[in-house]
**Q** 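Here you go, one structure.
The structure displayed is predicted, hence computed values, not measured ones.
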Amino acid sequence: MSLTSAAEIAIAQEVQHSFERKSKPALHTVEYAARSVSARALNGDYYDFLDISAGRMAFVLADISGKGLPAALLMASLRASIIAQGPDAFNNLPGMLKRVHDLFYESSPPDHYASLFFADYDERVGCLRYVNCGHVPPVLLRDDGRVERLVATAPVVGMLKNWDATVDEVALRLGDVLVMFTDGVIEAKNSAGDDFGSDRLIQIVRNRVYLNPAYLAETVIQAAQAFSGFCRQDDVTAVVVRAR
């Protein structure tokens, strides 16, 4: 790598680090945290916590196709288009995400796309409204031991010209734990070529459910990395939300 390109990558890393929230919306009924590790110098995964109004916020997790600088640039573009919509737009999730898709579709190469999970949580009613745009299904571990998967309700962003989405919703109750993650976690491979898999992730969360969200997210990432022999095969991100 030349000195110039190394300096450019360093600047890009600083820009990505600036995306990390200095403060997070404070809610009474949930606690949450995220952990992300990039496979290369720059990260193609994007997570965010967006303040919508008092007692209401959005959880965002996206995975850009590819790795390195191209994925990082598209990640920044996707983030900017989501934030530019503004809190009022979140009242109409399909319409808002359709605009995000159209912007991403027009500004990205034909072979690039993003999976995206966007969830609007209102703690006044304990309801999580979400659109899953082709993202690996987040796992909701209920306090009574049941497991629910928040499956796709829309295609990935940026691949199809004609795009539409539907909204689904779940209630978050005391003790429930929601784990969102990118496919780099469950597709981490060991030396035998086996995937880490969602079943192993669920078991790890069950065994460590007493940890706070920050430690639980870190535990998931560390377990996936250890499974792969700490070989950085893909960007890995986990977001953990616990209802309290």
**Q** Which pairs pass salt bridge (charged side-chain N to carboxylate O under 4.0 Å, His left out) with one or both residues in residues 154-169, sequence neighbours excluded?
**A** none
**Q** What is the distance from atom OG of S107 to atom CG of D102, rounded to the nearest 0.5 Å?
**A** 10.5 Å
**Q** When you check the gap from the basic side-chain N to the acidic O, do D122 and R124 get nearer than 4.0 Å?
**A** yes
**Q** State which residue, out of F90, F59, Y130, Y46, fulfils the ring-ring contact (aromatic ring centres under 6.0 Å, His included) condition with F118.
**A** F90
**Q** With sequence neighbours excluded, what pairs up with H101 under the ring-ring contact (aromatic ring centres under 6.0 Å, His included) test?
**A** Y105, W163
**Q** Rounded to the nearest 0.5 Å, what separation is found between the CG atom of L174 and the OG1 atom of T29?
**A** 10.0 Å
**Q** Is the closest side-chain heavy-atom distance between N92 and Q85 below 4.5 Å?
**A** no
**Q** Should we count CZ of F196 as having more than 12 external heavy atoms under 6.0 Å?
**A** yes
**Q** With rounding to the nearest 0.5 angstrom, report the CD to OG distance, E106 to S77.
**A** 11.5 Å
**Q** Where do P137 and N132 come nearest, in terms of heavy atoms and distance?
**A** CA-ND2, 3.9 Å
**Q** Identify the residue among D45, V37, T182 that makes a side chain to side chain contact (heavy atoms under 4.5 Å, CB included) with D235.
**A** D45
**Q** Compare every heavy atom of H135 with every heavy atom of S115, then report the nearest pair and how far apart it is.
**A** OG-ND1, 2.8 Å
